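As the structure is a prediction and not an experimental result, all values here were calculated from the model. Along the sequence shown, residues carry numbers from 1.
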Amino acid sequence: QVQLVESGGGLVQAGGSLRLSCAASGRTFSNYAMGWFRQAPGKEREFVAAISWNGATTFYADSVEGRFTISRVNAKNAMYLQMNNLEPSDTAVYYCAAYDPPPWIGNSFSGRSPNNLAAWGQGTLVTVSS
């Protein structure tokens, strides 16, 4: 099983940017489609973005489309989430996760649910002040 560790969280003002990183170890990173989820205080964990094993396909939640960019570098066993134009509503603990099986069936994305992910990181806190 793959092990995941997030980093890069912190405190930022509204309109600012942060870049989260997810470092993988253990099983072959490139075997997995990957995703970012987040959980705000008192709320359920929600999907943010996903990327296919080779980075060719991505999918975003409507709330972050156009502001966040997911990417990966398999040679470095790493995945990233570039977050721009941050809003106070983006405040949450952000988690990286590995999908198994991949969350695409043809061109249809089916990975919004936080259930049945193969592995999770411990999370990194992002706080956006107004």
Side-chain angles (χ1 to χ4, degrees):
Q1 188 168 344
V2 65
Q3 289 80 47
L4 305 171
V5 178
E6 303 92 337
S7 61
L11 174 64
V12 63
Q13 289 188 330
S17 298
L18 279 176
R19 188 194 196 205
L20 304 184
S21 297
C22 174
S25 61
R27 291 191 64 182
T28 304
F29 178 64
S30 60
N31 284 349
Y32 297 93
M34 298 292 296
W36 288 98
F37 289 75
R38 66 186 182 186
Q39 188 165 16
K43 295 189 177 181
E44 295 186 348
R45 193 168 297 190
E46 66 174 3
F47 169 78
V48 175
I51 188 167
S52 61
W53 70 273
N54 61 356
T57 304
T58 58
F59 190 85
Y60 296 91
D62 289 345
S63 59
V64 306
E65 180 86 53
R67 299 188 298 122
F68 290 11
T69 302
I70 189 172
S71 62
R72 66 189 295 165
V73 179
N74 286 343
K76 295 184 176 181
N77 289 339
M79 178 180 66
Y80 307 99
L81 186 68
Q82 178 66 43
M83 305 185 295
N84 297 330
N85 194 20
L86 283 160
E87 303 168 354
S89 58
D90 295 317
T91 295
V93 177
Y94 283 71
Y95 298 90
C96 66
Y99 287 97
D100 189 16
W104 281 274
I105 301 175
N107 291 327
S108 178
F109 181 74
S110 59
R112 290 181 179 87
S113 171
N115 299 324
N116 300 318
L117 276 292
W120 291 93
Q122 84 289 349
T124 186
L125 176 63
V126 173
T127 303
V128 184
S129 62
S130 57

Hits for side chain to side chain donor-acceptor pair (under 3.5 Å) against Ser113, two or more places apart or cross-chain, chain-then-number order -> Asn115

The side chain to side chain donor-acceptor pair (under 3.5 Å) partners of Gln3 (sequence neighbours excluded) come to none

Using a 6.0 Å cut-off, check whether atom CG of Asn116 has over 12 heavy atoms from anything other than its own residue. no

Test your reading of the model: is there a side-chain donor-acceptor pair from Ser110 to the backbone of Pro103, 3.5 Å cut-off? yes

Contact between Arg38 and Val64 at the side-chain level, heavy atoms closer than 4.5 Å - yes or no? yes

Pairs of donor and acceptor atoms involving the side chains of residues 7-20, under 3.5 Å and at least two apart or interchain, shall be tabulated with distances.
residue, atom, partner, partner atom, Å
Ser17, OG, Asn84, OD1, 2.9

Selection [range] - residue pairs positive for disulfide bond (SG atoms under 2.5 Å apart), sequence neighbours left out:
range           : answer
residues 99-130 : none
residues 31-80  : none
residues 12-43  : Cys22-Cys96

Considering only Ile, Leu, Val, Met, Phe, Trp and Tyr, and joining two whenever side-chain heavy atoms are under 4.5 Å apart, list the other residues clustered with Phe109. Phe37, Phe47, Phe59, Val93, Tyr95, Tyr99, Trp104, Leu117, Trp120, Leu125

My understanding is that a hydrophobic cluster links ILVMFWY residues whose side chain heavy atoms are under 4.5 Å apart, including indirect links. Using that, what else belongs to the cluster containing Val5? none

Across all chains, not counting sequence neighbours, the side chain to side chain contact (heavy atoms under 4.5 Å, CB included) partners of Ala119 are Gln1, Val2, Leu4, Ala98

Residues in salt bridge (Lys or Arg N to Asp or Glu O under 4.0 Å) contact with Arg67, at least two apart in sequence or another chain: Glu87, Asp90

For residues 69-89, pull every pair meeting ring-ring contact (aromatic ring centres under 6.0 Å, His included), keeping only residues two or more places apart or in separate chains. none

How close do Thr69 and Tyr60 get, heavy atom to heavy atom, and via which atoms? CA-OH, 3.3 Å

In terms of heavy-atom contacts, Pro88 and Ser130 come closest through CG-CB, 3.9 Å

Can I get a per-line list of side-chain donor-acceptor pairs under 3.5 Å for residues 70-78, giving both atom names and the distance, sequence neighbours left out?
residue, atom, partner, partner atom, Å
Arg72, NE, Trp53, O, 3.3
Arg72, NE, Asn74, OD1, 2.8
Arg72, NH1, Tyr32, O, 2.8
Arg72, NH1, Ser52, O, 2.9
Arg72, NH2, Phe29, O, 3.1
Arg72, NH2, Tyr32, O, 3.0
Arg72, NH2, Asn74, OD1, 3.2
Asn74, ND2, Trp53, O, 2.9

